[in-house]
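Accompanying notes for the structure given below.
Note that the structure is predicted; figures quoted are calculated from it, not measured. Heavy-atom basis, side chains included; hydrogens, waters and symmetry copies ignored.
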Amino acid sequence: MSLRRPWRRTRPGAARKGKRRRLPTAVTGAIVTAVGLAALVGAFLKLDIEAHLQSGTVIHATFAGDYDTLIKPYWTKVEVADVPVGVVTGLHTTSRGRAQVAMKINSGTALASLGTKPQAAVQLLTLLGGNVDIELRPGGSPGTPRGAIPMARTTTPVYLGRVLDAFTPQARQGVQTTVEQLNGALAHGGSTAAEALLAQAPATLAPAGVALGAVEGNQPGDLTTLVDDLAAVAHTLTEQQGQLQSILGDTGTVAATLGQQSAALGQSVAALPATLTAARQGLSDLSDILVRLQDVAGPLQPSAPLLASLLNQAQPTLQAALPVVQALPQLLTQAAPLLDQLAPTAVSATALLRDVRGPVLKRVLNPIIPTVLKPYRGSPKPMFQEIGYMLAGLDGISEMTDANGAMISFQPGVSLETLGGLPFTGPLSYHNNPPAPKG
């Protein structure tokens, strides 16, 4: 018995209706390649597409510096308090070295929390550089940002690599040597001392905070000015090779000298309050003198031009007197013995003058001196001149000398004037002058 199915007659064209048409292989490959490329491009531009599709507000900020290799559009994140709120959508570097960044911020609470004047900062994700994020910080009054963020409200990071590039090779070698020496010091008991220091550090933190606050200064920028001045000092000290070593050596010598003279220095410091008191008293007295000098200087001010003229006229006299002044010290030196010998005489003369004062001096002044100054017995000449003539005559009659010495020549004679008061002596009186009438 046969197991074959009975033969069925099929309709013409039935086989052709059930058979599917296939695309050419080239077309299929092209479609697969296009779909793959589209998926690859979509994956590559995923962040760009997401940024374009998401709703938000674009704000701009200007930073100082060139960030072409760090800030990447549609890749660099924008954060607020470490929470991503947007992405950078554009970067343009100007010719003045400034970076203008466009940021798209998601609409909602993040945008409203920034305020009207937010701040922006470029933050490094690593210490040595690399990728960065932009941190937005709220500022101004509540609301949404108004306008672009200017460079005055943006900050940029400091790269450790750039800081290290500012050091010279000698400075880098010095830092390495310092680190090695610090390691050696810690290995030889320094760690124990550091632990003791850390144990005592809490008690010193409060005074250290006060000191650091004082270092900041009273005005903004005082600390910056101090750092700049210290940098200038360091540059000056290291400008010449070996100068700093010489200064340190001299400082050690000064310190050793001060240590040797510590006792004398202590006495000087102990006496300093009394010295300051005396100086204060002297300054007070000097103040009174200056006040008086000011009172005197006012009236003397008109005399100043006249004094200048007087000094100009007196200059020849001063030049002529210069040799006398130069010889005066020698003269005073030679006169010193004479003055020493005159001292006892001055004492004796003082006693004599003390004895002369009183009745003796009064009698000399009255009537002896008036009598000497009056005419002598009607003569037109005063009595002291007559006495002078008499002494001159005595000198003349004592000119004769012999073997025994000086002699007085005396020749008596008689004339009409010998007997005074006679009637015939009137016309022949002294100088033929009649006597003055009585009464």
Indicate yes or no: at least one non-hydrogen side-chain atom of His60 is less than 4.5 angstrom from one of Met103. no
Is there a donor-acceptor pair closer than 3.5 Å between any side-chain N or O of Thr253 and the backbone N or O of Gly249? yes
Considering non-hydrogen atoms only, spot the tightest contact between Ala99 and Leu91 and give its length. CB-CD1, 3.9 Å
Can you tell if the side chain of Ile134 reaches within under 4.5 Å of the side chain of Val101, non-hydrogen atoms only? yes
Taking every non-hydrogen atom, the tightest pair across Asn312 and Pro316: O-CD, 3.8 Å
With the side chain counted from C-beta on, respond yes when Thr277 and Gln281 share a heavy-atom pair under 4.5 Å apart, and no when they do not. no
Gln100 to Thr62 - nearest heavy-atom pair and separation: CG-OG1, 4.1 Å
Mind listing the closest non-hydrogen atom pair of Asp133 and Glu79 along with its distance? OD2-OE2, 3.4 Å
Determine the minimum heavy-atom distance between Gly90 and Pro73, stating which atoms define it. N-CB, 4.2 Å
From Thr155, Ile149, Thr154, residue fulfilling side chain to side chain contact (heavy atoms under 4.5 Å, CB included) relative to Phe63: Thr154
Can you confirm whether more than 12 heavy atoms, excluding those of Gln326, are under 6.0 Å from its CD atom? yes
Passing option when Ile105 is tested against Val80, Ile59, Val58 for side chain to side chain contact (heavy atoms under 4.5 Å, CB included): Ile59
For the residue pair Thr116 and Ser141, establish whether any side-chain heavy-atom pair is separated by less than 4.5 Å. yes
So do Glu135 and Asp82 actually touch side chain to side chain, heavy atoms under 4.5 Å? yes
For Ala148 and Arg153, which heavy atoms make the closest approach, and how far apart are they? O-NH2, 4.1 Å
Could you check whether any side-chain heavy atom of Val87 comes within less than 4.5 Å of a side-chain heavy atom of Lys77, counting everything from C-beta outward? no
Does some side-chain heavy atom of Thr57 sit less than 4.5 Å from a side-chain heavy atom of Thr144? no
For a 4.5 angstrom cut-off between non-hydrogen side-chain atoms, does Leu136 reach Val78? yes
